[in-house]
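Encoded as structure tokens, the structure appears first; notes follow it.
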Amino acid sequence: MAEPEIPDRFLGGYAEILGEVAGTGRRLTREELESRRTLGRESAEAGHQLRALVRLHLAETRASWPATARGTDAAATDAVLAAVEQAVDAFAEGFERAQRLTVRREEAARREFIDDLLYGRSDLGRLAERATRFGLRLSRAHAVAVAAGPEAYTESDAAPRSVEAALLTRFSGRKILLTTKDGRLVCIAPGSQPDVLRYFAKQAHAATDGGQVAVGRPHRGPGGVVHSYDEALEALDMAERMGLDDPVLYSADLLVYPVLTRDRQAMADLVRSELGPLQQARGGAEPLLETLSVYFDAGCVAAETARRLALSVRALTYRLERIHQLTGSDPSDPIHRYSLQTAVIGARLLDWPANEL
């Protein structure tokens with residue numbers, strides 16, 4: 001596509017200035033430099049490219065050279081070239097100032113949109129209209145992935161920029177929004193394209209030196225993005241409370257935990273009833289509670305549990321027998337196992353026994 005023609009008004013008496021400089025050897029005045037900056041700003045606001053504008057100035061210099069340099073006079077030539085340098089530099093300065101202001105405005109508008117989108121603020125219809133500017137069609141389902149690393153990130157940091165570069169390289173043309181929020185990396189993608197969020201999770205895990213990524217479920221509409229974002233945050237919070245170290249968490253796989261904690265009082269009663277007696281053990285409840293937790297995570301396989309706890313199978317068997325004695329529930333008995341395992345999950349979620357119930 002051909003570049004749009006640049007009006008001559010953006011030269012603003014450039015040839016005349018060069019003619020005067022060639023005749024007098026003077027430098028540009030303060031007013032002339034300021035007029036160059038103004039023209040640079042106006043040309044940036046008009047949407048022209050700096051490369052084309054510099055080319056226009058050089059072409060004008062060449063076209064007016066015989067009249068301005070007055071033959072081969074070295075002093076005149078040097079004065080004209082110095083004036084060209086001053087004029088183009090001032091013009092480019094005004095252009096760059098306008099561009100920086102435009103970028104700051106765009107960044108502010110983008111940040112405001114992201115805040116409104118992830119917090120569910122603003123009129124939903126208006127939010128959907130603004131979303132098209134950033135490549136999202138909120139009438140469709142979207143899913144959100146959130147990556148938390150060992151430090152807080154901003155969009156200008158190396159980790160978000162490397163993840164964004166990888167996503168753009170692989171999924172050029174896809175409707176994806178990558179940003180940061182509260183120090184975490186956030187990726188919003190169409191719900192019909194789970195491969196995008198899987199790839200984001202892989203790249204974010206590597207870029208954040210082993211950070212954890214949570215993926216919310218796809219939901220439709222502007223409110224759906226907020227819902228999916230909240231699910232991803234809840235999954236990260238749940239992983240911290242439950243000690244889950246999986247690099248990628250899917251909120252759909254963790255739905256049982258919010259269900260279990262919906263009635264906090266009932267869960268607290270279960271923990272006290274099933275696990276409270278463990279506090280009578282020498283050393284308190286924590287060692288035996290950890291034993292139960294690892295035992296259930298290992299699929300109730302004694303040898304694997306002993307390996308994970310760095311115990312002998314005999315020592316593990318003694319602990320399980322002690323738990324049976326104190327609680328009256330046998331961890332190896334399928335009838336007792338469900339209540340015990342649910343209570344262990346509840347203890348993790350309620351941070352028992354560190355916190356009193």
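FYI, the numbering just counts along the sequence from 1.
In plain terms, the two heavy atoms of Val313 and Ala303 that are nearest each other are CG2-CA, 4.3 Å. Between Leu236 and Ala214, the shortest heavy-atom distance links the atoms CG-CB, 3.7 Å. Counting all heavy atoms, side chain and backbone alike, Ser251 lies closest to Arg217 at OG-N, 3.3 Å. Closest non-hydrogen pair, Pro353 versus Glu286, comes out as CD-OE1, 3.3 Å. Val196 and Cys187 get closest at one heavy-atom pair: CG1-SG, 4.5 Å. Residues Val271 and Gly346 come closest through the heavy atom pair CG2-C, 3.8 Å.
Relative ring orientation between His57 and Tyr14 is described as perpendicular, the plane-to-plane angle rising above 60° on a 0-90° scale split at 30° and 60°.
Other residues, nucleotides and ligands place more than 12 heavy atoms under 6.0 Å from the CD atom of Glu304. In this structure, Glu85 places its CD atom where only 12 or fewer heavy-atom neighbours from other residues, nucleotides or ligands lie under 6.0 Å away. Heavy-atom neighbours of Asp8 CG from other residues, nucleotides or ligands within 6.0 Å: at or below the threshold of 12. Within a 6.0 Å sphere centred on CZ of Arg241, heavy atoms belonging to other residues, nucleotides or ligands number more than 12. When the shell of 6.0 Å around CZ of Arg27 is examined, it contains 12 or fewer heavy atoms from other residues, nucleotides or ligands. Within 6.0 Å of CZ on Arg308 lie more than 12 heavy atoms contributed by other residues, nucleotides or ligands.
Residues Leu316 and Val344 share a single hydrophobic cluster, defined by chaining ILVMFWY side chains whose heavy atoms lie under 4.5 Å apart. By the criterion of side-chain heavy atoms lying less than 4.5 angstrom apart, applied directly or through intervening Ile, Leu, Val, Met, Phe, Trp or Tyr residues, Val163 is grouped together with Ile176 in one hydrophobic cluster. In the hydrophobic clustering of ILVMFWY residues, with side-chain heavy atoms under 4.5 Å counting as a link, Phe296 and Met242 come out together. Linking ILVMFWY residues whenever their side-chain heavy atoms come closer than 4.5 Å, directly or via other members, leaves Leu244 and Val248 in distinct clusters. By the criterion of side-chain heavy atoms lying less than 4.5 angstrom apart, applied directly or through intervening Ile, Leu, Val, Met, Phe, Trp or Tyr residues, Leu289 is grouped together with Val294 in one hydrophobic cluster.
No donor-acceptor pair closer than 3.5 Å links the side chain of Ser228 to the backbone N or O of Val225. Formation of a donor-acceptor pair under 3.5 Å by the Glu32 side chain with backbone atoms of Thr29 is found in this model. Remark: side-chain polar atoms of Arg184 are not paired, donor with acceptor, to backbone N or O of Ala147 under 3.5 angstrom. No side-chain donor-acceptor contact under 3.5 Å links Gln212 to the backbone of Glu240. Remark: side-chain polar atoms of Asp157 are not paired, donor with acceptor, to backbone N or O of Ala159 under 3.5 angstrom. Of the possible donor and acceptor atoms, none in the side chain of His324 sits under 3.5 Å from a partner among the backbone N and O of Ser329.
Side-chain contact between Asp195 and Tyr199: absent, with no pair of heavy atoms (C-beta onward) separated by less than 4.5 Å. Contact of the Leu340 side chain with the Leu275 side chain is registered, since non-hydrogen atoms from C-beta on lie closer than 4.5 Å. For the pair Glu20/Arg26, a side-chain contact is recorded, criterion being any heavy-atom separation below 4.5 Å from C-beta on. Taking 4.5 Å as the limit, every side-chain heavy atom of Pro331 sits out of range of all side-chain heavy atoms of Arg319. Taking the side chain as every heavy atom from C-beta outward, Lys175 and Arg140 never approach each other to under 4.5 Å. When side chains are defined from C-beta on, Leu309 counts as touching Glu290, because their heavy atoms get closer than 4.5 Å. With a 4.5 Å cut-off on side-chain heavy atoms, Glu60 and Leu56 do not count as touching. The shortest side-chain heavy-atom distance between Arg264 and Leu350 falls under the 4.5 Å cut-off.
The existence of a salt bridge linking Asp269 and Arg272 is confirmed by a sub-4.0 Å separation between a basic side-chain nitrogen and an acidic carboxylate oxygen.
Counting only residues at least two apart or on different chains, the side-chain hydrogen bond (donor to acceptor under 3.5 Å, both in side chains) pairs with a member in residues 344-357 are Ser293-Arg348, Asp297-Arg348, Asp351-Asn355.
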Do Phe200 and Val215 pass the side chain to side chain contact (heavy atoms under 4.5 Å, CB included) test, and can you show the C-alpha distance, the side-chain angles, and the key distance before you say yes or no? CA-CA 10 Å; Phe200 166 79; Val215 182; over 6 Å; no
Step by step, work out the side chain to side chain contact (heavy atoms under 4.5 Å, CB included) result for Leu349 and Met267. CA-CA 10 Å; Leu349 293 172; Met267 179 57 73; 5.6 Å; no
Verdict with reasoning, Leu254 to Glu231, per side chain to side chain contact (heavy atoms under 4.5 Å, CB included): CA-CA 10 Å; Leu254 304 177; Glu231 287 182 343; over 6 Å; no
Let's go through Thr208 and Val213 carefully: what are the C-alpha distance in whole Å and the side-chain angles of both, what is the deciding distance for side chain to side chain contact (heavy atoms under 4.5 Å, CB included) to 0.1 Å, and is it a yes or a no? CA-CA 10 Å; Thr208 57; Val213 184; over 6 Å; no
Test log, rule salt bridge (Lys or Arg N to Asp or Glu O under 4.0 Å), inputs Arg30 and Glu34: CA-CA 6 Å; Arg30 181 177 300 177; Glu34 189 58 37; over 6 Å; no
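Between Arg37 atom CZ and Leu33 atom CG the span is 5.5 Å, to the nearest 0.5 Å. Here Ile323 contributes atom CD1 and Tyr295 contributes atom OH; the two are 9.5 Å apart, rounded to the nearest 0.5 Å. To the nearest 0.5 Å, atom CG of residue Leu11 and atom CZ of residue Arg36 are 7.5 Å apart. From Gln280, atom CD reaches atom CG of Leu288 across 11.0 Å, with rounding to the nearest 0.5 Å. Atom OG1 of Thr61 sits about 5.5 Å away from atom CG of Leu18, to the nearest 0.5 Å. Put simply, CD on Glu321 and CG on Leu326 are 12.0 Å apart, with the number rounded to the nearest 0.5 Å.
Screening Ile188, Val226, Leu233, Val146 for a side-chain contact (heavy atoms from CB on, under 4.5 Å) involving Leu118 leaves a single residue, Ile188.
Side-chain polar atoms of Glu155 and Thr179 form a donor-acceptor pair below 3.5 angstrom.
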